[in-house]
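Worksheet: one structure, shown below.
Both counts, for ligands and for their atoms, begin at 1 and track the order of listing. Every value quoted in this text rests on a predicted model; they were computed, and no experiment measured them.
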Amino acid sequence: MNYQDVLSKIYEEIKPFANEGQQATYIPALASVNPNQFGICIEPLDDSPVSSFGAADVRFSMQSISKVFMLAACLSLEGDNLWKRMGKEPSGTAFNSLVQLEFEKGKPRNPFINAGALVMSDILISRMKDVEQTFLNFVREISGSHVDYNRVVAQSEEEQAYLNTAIANLLKYHGNIENKIDDVLHFYILCCSIEMNCCELAHAFRPFADHRHPFCFAGISLTTSQVKRINAIMQTCGFYDEAGEFSYLVGLPGKSGVGGGIAAIHPSQYSVAVWSPRLNSKGNSVMGLKALELLTTETEESIF
Ligand code: GLU
């Protein structure tokens with residue numbers, strides 16, 4: 001498959017959507033990103049070359065995509081004990097909803113909503129020595145790049161983190177946070193601030209697509225079956241309360257972030273990352289979503 005031609009064609013088709021949606025502004029540092037950017041990169045698992053188009057080498061804020069790496073680290077360290085502290089069902093509510101968490105007495109619906117990620121942050125703080133460096137080492141090794149936290153973006157989010165602070169307090173009230181709330185919030189927000197470009201992100205997702213090969217990066221190792229389960233959670237919970245729509249339109253497991261990035265995998269075929277900052281009302285990249293829909297439609301390749 002010559003993905004290069006497919007990507008150029010897709011770009012022509014999604015151009016009409018270039019001004020649709022708005023970038024996230026509730027994190028002040030993200031409001032200053034130029035919204036009129038688009039990049040995509042596909043890394044096939046066979047010997048075909050990596051194909052990219054547009055701003056595929058511009059780094060952006062991963063935001064919630066980092067929850068996939070947090071989940072990989074937590075499953076590696078905790079195994080199935082992780083599920084004593086959170087569920088694995090789609091939420092059908094916004095990623096930062098308090099209502100569901102209150103109703104379910106402090107047990108987050110899944111690891112990819114903010115409540116779940118805050119519990120994962122708590123677990124990593126308890127389990128990793130020098131958590132900031134250890135987690136970064138893992139993300140650097142899996143992406144094959146010297147990526148980093150963006151402390152300016154993190155600080156700008158932390159200064160306005162009223163809702164995430166409320167979620168953390170509710171979790172703590174229900175006994176689902178061991179560490180200090182400020183430490184848990186700080187580390188969660190720092191994880192979200194990691195920046196990657198599309199090609200680095202596609203490479204970092206390759207081990208999830210290549211699920212039959214050993215997964216071991218900087219001491220974080222997963223069994224084939226654990227990788228399969230992470231992919232399943234991406235399929236059912238990776239797109240806020242639009243996971244059903246993404247599954248319907250695209251048909252690949254993946255994860256999006258409010259920085260405008262989406263990473264997805266076609267098991268045993270390829271990993272792909274797309275970025276464009278303008279988001280739809282559910283928080284997913286408008287052009288990113290369209291591009292991936294066209295990718296699986298035009299190549300006639302998806303998991304369905
Ligand atoms: N740091 C963001 C927040 O907690 C991540 C949201 C996202 O990308 O879904 O609001």
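- When only interatomic distances are considered, the shortest N/O to N/O separation between C192 and ligand 1 does not fall below 3.5 Å.
- Annotation for ligand 1: atoms under 4.0 Å from non-hydrogen atoms of Y240 are 7 (C), 8 (O), 9 (O).
- Annotation: cation-pi pair K282/Y240 absent, no NZ/CZ under 6.0 Å from the ring centroid and within 45° of its normal.
- In terms of protein heavy-atom proximity, atom 4 (O) of ligand 1 is closest to Y188 OH, 2.6 Å.
- Distance from atom 7 (C) of ligand 1 to its nearest protein heavy atom, with residue and atom name: S64 OG, 2.7 Å.
- Annotation: F217 is in aromatic contact with F215 [ring centroid separation under 6.0 Å].
- Proximity of N164 to ligand 1, defined as any heavy-atom pair under 4.0 Å, is confined to the side chain (atoms from C-beta onward).
- For F69 and F205, the gap between ring centers is short of 6.0 Å.
- Atom 2 (C) of ligand 1 has Q63 OE1, 3.1 Å as its closest protein atom, hydrogens excluded (heavy atom only).
- The contact set between ligand 1 and N114, taken as ligand atoms under 4.0 Å from a residue heavy atom, comprises 3 (C), 4 (O), 10 (O).
- A centroid separation of less than 6.0 Å is found between the aromatic rings of F187 and F135.
- Side-chain N or O atoms of R278 include one that pairs as donor or acceptor with a backbone N or O of G21 at under 3.5 Å.
- Ranking the protein heavy atoms by distance from atom 10 (O) of ligand 1 puts Y26 OH, 2.5 Å first.
- Within the structure, ligand 1 lacks I189 among the residues with a heavy atom less than 4.0 angstrom away.
- Residue-ligand proximity, G257 to ligand 1, at heavy-atom distances under 4.0 Å covers atoms 8 (O).
- A side-chain contact (heavy atoms from CB on, under 4.5 Å) with L75 holds for exactly one of I220, V227, I230, T223; it is I230.
- Judged by distance alone, the side chain of T296 and the main-chain N or O of S302 form no donor-acceptor pair under 3.5 Å.
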